Asks: 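Below is the structure I would like to discuss, written out as structure tokens.
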Amino acid sequence: MFAAERRQLILEMVRANGAVSLRELARVVQTSEVTVRRDVRALEAEGLLDRRHGGAVLPGGFTRESGFPQKSHLATAEKTAIADLAAGLVEEGEAIVVGAGTTTQELARRLARVPGLTVVTNSLLVAQALAHANRVEVVMTGGTLRGSNYALVGSGAEQSLQGLRVSKAFLSGSGLTAERGLSTSNMLSASVDRALVQAAAEVVVLADHSKLGTDTMFQTVPTDVITRLVTDDPPAHDDRAATELQALADQGVQIAVAGGSGATGPSGSSGSGGDAVPARQQRRDVPLPGPRRQVPGAGLRTATALGEQSGGAEQRARVADLRRR
């Protein structure tokens, strides 16, 4: 494929999806990420798109939300690795909330074998993934169906979450930055996600590396409310993604990275009945640099300081290693 043809196809993909990772662009145009990065840089110079951490977005600073058909084909391997790792955070008999999204849908498929689990969700896709799990109770919110992502939104969804209390909330979004936290491009979706967060004692964000550093219009979860981020191993050349992970860790977010070779850290025990984490998707936790401050209305959440973990110097070295990646 000639350079002009590649760049035209790249431009069409970004216009169709709003944001596309370099890895996905390289796969579609059947070339290396190095070549795609050069093409993206040329298109940015012409003002046709903007470069972001490990990908490209529509020009103008804020990405628009892609529809489910486009999202379901993006970063599929990364979403699988993230879902495998996140499933190990769920224990038998827990009550959790799971928000809408293609990554949370992957998580739901792995939760189907966790006995005694109660899942509250506003996502038809999450509910469908758990529909035939005979040991999992599914509770759906009310609300108005939003067809682009098969989620229930609006005042009905928010009101049905009032008075609810669960152990964990698993959420995804369109972008994640250390400055603003998790964000999305739709106001109604953001409002429901905030209600889901208020119901949970801990907040776990699922986001692949292409969303790191991407900022969208509506904030859903401020950084200081996020307990843990589960993400994939960013490419070695993606310095900005590593920098964003470091910034999130500096603000007290626990980082669990899926797919890292030679990963170390606490052993990720899978919930009883849940899928075991494959060896290639070991958990690598970036420890907290200090105690978390309490968030009103977000439940009791504690975090272990670096000084309380064995080998503080070793833990800091792991953070530095992640940043170098």
Side-chain angles (χ1 to χ4, degrees), residues 13 17 19-28 33 53-55 66-90 96 98-114 117 119 121 123-133 136 149-151 168-176 182 204-212 214 228-236 238 241 245 254-263 265 267-271 273-285 322 325:
M13 287 183 64
N17 298 301
V20 186
S21 69
L22 291 177
R23 187 176 300 173
E24 183 67 14
L25 289 171
R27 185 187 66 81
V28 172
E33 290 188 32
H53 301 225
S66 306
F68 172 77
Q70 291 81 21
K71 287 182 178 180
S72 62
H73 297 294
L74 294 176
T76 54
E78 290 86 346
K79 292 173 184 176
T80 297
I82 290 168
D84 284 339
L85 183 52
L89 303 175
V90 181
I96 63 174
V98 179
T102 53
T103 309
T104 52
Q105 180 189 21
E106 287 295 323
L107 171 63
R109 290 171 178 154
R110 288 149 180 79
L111 298 179
R113 293 189 292 275
V114 181
L117 190 64
V119 178
T121 185
S123 169
L124 297 185
L125 298 175
V126 169
Q128 183 184 43
L130 295 168
H132 300 293
V136 177
N149 65 345
Y150 301 94
K168 297 182 182 76
F170 291 86
L171 298 176
S172 187
S174 301
L176 177 65
L182 190 66
V204 182
V205 171
L206 312 181
D208 66 78
H209 73 273
S210 68
K211 295 178 181 178
L212 297 177
T214 298
R228 185 184 296 267
L229 165 66
V230 183
T231 187
D232 64 296
D233 211 16
D238 196 348
L245 285 176
Q254 299 179 36
I255 312 289
V257 180
S261 59
S267 59
S269 59
S270 176
D275 289 354
V277 180
R280 67 180 178 83
Q281 293 162 353
Q282 299 174 50
R283 185 163 114 199
R284 179 173 62 209
D285 285 324
L322 177 62
R325 295 180 66 86

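Atom set for the values below is all heavy atoms of this structure, side chains included, hydrogens, waters and symmetry mates excluded. Keep in mind the model is a prediction, meaning the values are calculated, not measured.
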Asks: I'd like to check S210 versus E78 (side-chain heavy atoms, cut-off strictly below 4.5 Å). Are they in contact?
Replies: no
Asks: Step by step, would you call F170 with T103 a side chain to side chain contact (heavy atoms under 4.5 Å, CB included)?
Replies: CA-CA 10 Å; F170 291 86; T103 309; over 6 Å; no
Asks: Per the side chain to side chain contact (heavy atoms under 4.5 Å, CB included) rule, which among T231, V230, V98 passes with L206?
Replies: V230
Asks: Indicate yes or no: at least one non-hydrogen side-chain atom of L229 is less than 4.5 angstrom from one of L245.
Replies: yes
Asks: Is any side-chain heavy atom of E106 less than 4.5 Å from a side-chain heavy atom of I82?
Replies: no
Asks: Looking at residues at least two apart in the chain, or sitting in another chain, which of them share a side chain to side chain contact (heavy atoms under 4.5 Å, CB included) with A100?
Replies: N122, S123, N149, A151
Asks: With a 4.5 Å heavy-atom cut-off, do K79 and Q105 have their side chains touching?
Replies: no
Asks: Hey, does the side chain of T104 reach the backbone of G99 with a donor-acceptor pair shorter than 3.5 angstrom?
Replies: yes
Asks: Would you say L89 and V204 make side-chain contact, with heavy atoms under 4.5 Å?
Replies: yes
Asks: Between D84 and R110, is the closest basic N to carboxylate O distance under 4.0 Å?
Replies: yes
Asks: About how many Å separate CD of Q128 and OG1 of T121, when rounded to the nearest 0.5 Å?
Replies: 12.0 Å
Asks: Could you tell me which residues satisfy side chain to side chain contact (heavy atoms under 4.5 Å, CB included) with L124, sequence neighbours excluded, listed by chain and number?
Replies: M140, L145, Y150
